[in-house]
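It should be emphasised that the depicted structure is a prediction, and the values quoted were computed from it without experimental measurement.
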Amino acid sequence: MMLRLIRDRLDEYRESLKKRGSDFPLERLLELDDRRRKLIQEINGLRHQKNILEQEIARKIRSGAEAIEKDKVKTLDEQIKQKENELSKVEEQINSLQLVMPNFVESSVPVGPDESYNVVVRTWGEAGKTGPDHIDIGLKLDLIDLERAAKTSGARFYYLKRDLVRLNYALIAYGLDFGVRKGFTLLQPPYMLRRAIVESAVDLSAFEDAIYKIENEDLYLLTTSEHAILGYHYDEILDEKDLPLKYVGISPCFRKEAGAHGRDTKGIFRVHVFEKVEQFIYSKPEDSWKHHEELIRNAEEFFQSLEIPYRVVNVASGELGACAAKKYDLEVWLPGQNKYREAVSCSNCLEWQAIRAKIRYRKGNELNYVHTLNSTLVATERALIAIMENHYQPDGRIKIPRPLVPYMNGQEYIEPQKV
RNA sequence: GCCGGGGUCCCCUAACCUGGUAUGGGGCAGGCCUGGAGAGCCUGUGGCCGAUAAGGCCUUGUGGGUUCAAAUCCCACCCCCGGCGCCA
């Protein structure tokens, strides 16, 4: 299906691969597809002959005659079997290529191999403030324990303590209410998914680098509720009048971070488990770019309400990931690191995921693939870092952002522990 | 986990025992009819190959097997419902 799309827009697709710097073997895939189509034609012809023979046999048996063509059917069966074996080998190769086949690249995406080619779209708030990092603050106020987490679970784990636990749940509760106000439907998904579901949502490289597998089961721990929300409508036909479908998911996210050795090793910035409130939209194709802007604007409004300075970047073609045709990152200012760091990722996957997940919609008499879009609303551990570092007061307290105060039972500051 | 019942096209449903190429209804789309609407009637409704043709192949939860032939018989697995057991 993705193949047909690519055959229709072959030049554009070659250009997209070039922009990504992808070494995807497109020519080989096209050759295999030609071979596949030829085999299907041959098999269809043989099956047609077989069907005709079978009907003759049935007719003869009904009229009481002895059926004598059985050996002819056997010969056909052998020929069919042989072609089918070849076909299934070809299809196997096609499938494994399709699992790593990247999406198109949208024309407004900056072309370049790495993040240095990202283009800043806009900035909000006063960046440049410096101060202690979340680890120092967390230790000083007894809000984070990393050593004991290392003892129980290893690197990249953490215990949150005291008011930071409450602040985490306040962020989640605020994020969910925020999503509902924006017209999204809340969804708390299963935290484990079958392989087929995960494969429809990601490219293969994600499996090795990110995904934890449950032993002896066809189940994988969620890396983001995005995948579970895509799976929600797996193999379904939606009605045009129900689109767009907007969901906000809440779940923990489990990530191996296998490809990230040595990066962000301290603190709770890059960890194996974190909570995330996620926006997801199933859209009609003609509306998906409008919704892409809507999703990033929602995330921006959320971080503005927390009074955290940020910038939005248009991610360069080489950093997109296979699924996305365009991706915005929202990067928050972290005084402890003296730089902007990624807190939100907002992608338009076009029909890439929908084709793999077989999600279509009915428009009058025809069926079309939907477009899917996803964006973080808030990954709470990273937001906690941003709050701790940006709202740290000279007197050693952390000011709780206004919208979270009601979720903290009116509490306005996190106070240092009295010794 | 155990015992029983079940999974058919977008939805519902017939055929399953007794193997012969998936029935009917609803919805939706188009057409006829109408001043207009409704009712009624007709046609279409998934996937693949092919030129958007003609035509053909495939499709009854998934994968195997028996057979000239499988929705139908056999085996394994998945899921749903009911009962029992276990459990935060």
Side-chain angles (χ1 to χ4, degrees), chain A residues 1-10 29-98 101 188-200 213-220 228 230-243 245 251-252 282 284 351 354-370:
Chain A
M1 215 37 238
M2 193 74 189
L3 260 169
R4 181 192 283 184
L5 199 70
I6 283 162
R7 281 190 180 281
D8 286 347
R9 297 152 64 191
L10 197 54
L29 179 60
L30 294 175
E31 273 169 38
L32 283 166
D33 189 46
D34 285 339
R35 183 75 195 129
R36 171 183 153 265
R37 298 198 291 182
K38 189 148 171 276
L39 282 165
I40 285 172
Q41 283 177 37
E42 291 169 3
I43 290 168
N44 278 354
L46 290 167
R47 280 213 268 248
H48 181 52
Q49 289 179 45
K50 185 184 170 185
N51 284 342
I52 288 170
L53 264 179
E54 275 170 8
Q55 280 162 29
E56 270 173 34
I57 290 170
R59 208 163 34 240
K60 284 182 184 167
I61 287 174
R62 258 198 300 273
S63 63
E66 189 72 15
I68 48 169
E69 277 104 349
K70 291 186 182 181
D71 51 334
K72 282 192 197 166
V73 175
K74 281 239 155 71
T75 311
L76 281 173
D77 269 340
E78 274 162 31
Q79 290 172 351
I80 291 170
K81 192 101 193 162
Q82 192 197 331
K83 299 271 182 201
E84 278 178 343
N85 285 340
E86 195 184 340
L87 179 63
S88 69
K89 273 181 204 144
V90 169
E91 283 185 329
E92 219 169 271
Q93 294 177 66
I94 289 175
N95 288 340
S96 61
L97 281 176
Q98 281 191 306
M101 181 167 52
Q188 180 176 309
Y191 300 161
M192 300 175 201
L193 299 172
R194 298 182 195 283
R195 185 175 186 107
I197 304 295
V198 182
E199 271 182 353
S200 68
K213 186 184 192 321
I214 306 296
E215 202 177 358
N216 299 325
E217 308 260 6
D218 178 31
L219 287 173
Y220 297 79
L230 180 74
Y232 190 68
H233 288 297
Y234 188 90
D235 198 22
E236 288 186 17
I237 293 175
L238 309 172
D239 205 312
E240 187 190 21
K241 69 175 192 296
D242 297 327
L243 296 174
L245 279 169
S251 79
Y282 292 89
K284 289 188 265 186
E351 56 279 272
I355 288 172
R356 296 158 77 108
K358 294 172 275 190
I359 303 171
R360 293 165 295 175
Y361 73 103
R362 189 176 292 284
K363 180 183 186 180
N365 210 17
E366 37 175 313
L367 292 177
N368 273 316
Y369 286 96
V370 298

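- Here the side chains of Val370(A) and Leu245(A) are not in contact, with every heavy-atom distance at 4.5 Å or above.
- At rC49(B), one or more side-chain N or O atoms of Arg36(A) fall inside 4.0 Å of OP1 or OP2 (strictly under the cut-off).
- Side-chain N/O atoms of Arg362(A) include none lying less than 4.0 angstrom from OP1 or OP2 on rG27(B).
- Out of rC49(B), rG20(B), rG47(B), the shortest distance to the side chain of Ile61(A) is found at rG20(B).
- Using a 4.5 Å heavy-atom cutoff, the side chains of Arg36(A) and Leu39(A) are not in contact.
- Nucleotide rG47(B) holds its P atom 18 Å from the CZ atom of Arg47(A), rounded to whole Å.
- Distances were taken from every side-chain heavy atom of Lys81(A) (C-beta onward) to each of rC57(B), rC68(B), rG65(B); the shortest belongs to rG65(B).
- OP1 and OP2 of rG55(B) both lie 4.0 Å or more from every side-chain N or O belonging to Asn44(A).
- With C1' as the reference atom, rG61(B) and rG5(B) are 16 Å apart, rounded to whole Å.
- In this structure, the side chains of Lys81(A) and Asn85(A) come closer than 4.5 Å at one or more pairs of heavy atoms.
- In this structure, CD of Glu240(A) is placed 20 Å from P of rU45(B), rounded to the nearest angstrom.
- Between rA69(B) and Asn51(A), no contact under 4.0 Å exists linking OP1 or OP2 to a side-chain N or O.
- When side chains are defined from C-beta on, Leu87(A) counts as touching Ile40(A), because their heavy atoms get closer than 4.5 Å.
- Rounded to an integer number of Å, the gap from CG of Leu39(A) to P of rC57(B) is 18 Å.
- Within the structure, every side-chain polar atom (N or O) of His48(A) is placed at least 4.0 Å from both OP1 and OP2 of rG56(B).
- Between Lys38(A) and Glu42(A) there is a salt bridge, with a side-chain nitrogen of the basic residue lying less than 4.0 Å from a carboxylate oxygen of the acidic one.
- For rA15(B) and rC86(B), the C1' atoms lie 41 Å apart once the distance is rounded to whole Å.
- Across the protein-nucleic acid pair, Arg7(A) atom CZ and rA51(B) atom P stand 11 Å apart, rounded to whole Å.
- OP1 or OP2 of rA69(B) lies within a sub-4.0 Å distance of a side-chain N or O belonging to Lys50(A).
- Contact annotation: Arg4(A) reaches the phosphate of rC49(B) (side-chain N/O to OP1 or OP2, under 4.0 Å).
- Comparing Arg194(A) and Arg360(A), the nucleotide of RNA chain B nearest to each residue sits closer to the 5' end for Arg360(A).
- By the 4.0 Å N-to-carboxylate-O rule, Lys74(A) lies too far from Asp77(A) to be salt-bridged with it.
- Contact annotation for Lys38(A): no contact, since no heavy-atom pair falls under 4.0 Å across all strands.
- Straight-line distance between the P atoms of rA71(B) and rU23(B): roughly 13 Å, to the nearest whole Å.
- Here Arg59(A) lies out of heavy-atom contact (under 4.0 Å) with every strand.
- Whole-Å rounding puts the Asp235(A) CG to rG47(B) P distance at 12 Å.
- Using atom P as the reference point in both rC80(B) and rU8(B), the two lie 14 Å apart (nearest Å).
- Pairing for rG19(B) is absent, judged as Watson-Crick or G-U wobble with the two contacts each under 3.5 Å.
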For a quick test of your reading: what N or O donor-acceptor pairs under 3.5 Å do the side chains of residues 91-98 of chain A make, sequence neighbours left out?
| unit_1 | atom_1 | unit_2 | atom_2 | d |
| --- | --- | --- | --- | --- |
| Gln93(A) | OE1 | Arg28(A) | NH2 | 2.4 |
| Asn95(A) | ND2 | Glu91(A) | O | 3.3 |
| Ser96(A) | OG | Glu92(A) | O | 3.4 |
| Ser96(A) | OG | Gln93(A) | O | 3.1 |

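- One C1' atom belongs to rC10(B), the other to rU59(B), and the distance between them is 15 Å to the nearest Å.
- Counting to the nearest Å, the P atom of rG50(B) and the CG atom of Asp33(A) are 8 Å from each other.
- Comparing Ile40(A) and Asp77(A) along RNA chain B, the residue whose closest nucleotide (by nearest heavy atom) sits nearer the 5' end is Ile40(A).
- Within the 4.0 angstrom heavy-atom criterion, only backbone atoms of the sugar-phosphate kind lie near Gln41(A); the bases stay farther away.
- Checking rC58(B), rC68(B), rC49(B) against every side-chain atom of Ile57(A), the shortest atom distance belongs to rC68(B).
- In this structure, Ile237(A) places its CD1 atom 14 Å from P of rU45(B), rounding to the nearest Å.
- Dashed line: the shortest gap from a side-chain N or O of Arg37(A) to OP1 or OP2 of rG50(B) is under 4.0 Å.
- Base pairing annotation: rU52(B) forms no Watson-Crick or G-U wobble pair, as no partner gives both donor-acceptor distances under 3.5 Å.
- Remark: Lys89(A) pairs with no residue by the side-chain contact (heavy atoms from CB on, under 4.5 Å) rule, at least two apart or across chains.
- The pairing partner recorded for rC73(B) is rG65(B), the criterion being a Watson-Crick or G-U wobble arrangement whose two distances lie under 3.5 angstrom.
- Among the heavy atoms of the strands lying under 4.0 Å from Leu367(A) are primed sugar atoms or P, OP1, OP2 only; no base atom is included.
- Taking atom C1' in both rC49(B) and rC41(B), the straight-line distance is 36 Å, to the nearest Å.
- Across all strands shown, rC2(B) pairs with rG83(B); the Watson-Crick or G-U wobble distances both stay below 3.5 Å.
- Between rG1(B) and rC87(B), the distance separating the two C1' atoms is 12 Å to the nearest Å.
- In this structure, Lys83(A) places its NZ atom 17 Å from P of rC58(B), rounding to the nearest Å.
- Only the P atoms considered, rC84(B) is 30 Å distant from rC73(B), to the nearest whole Å.
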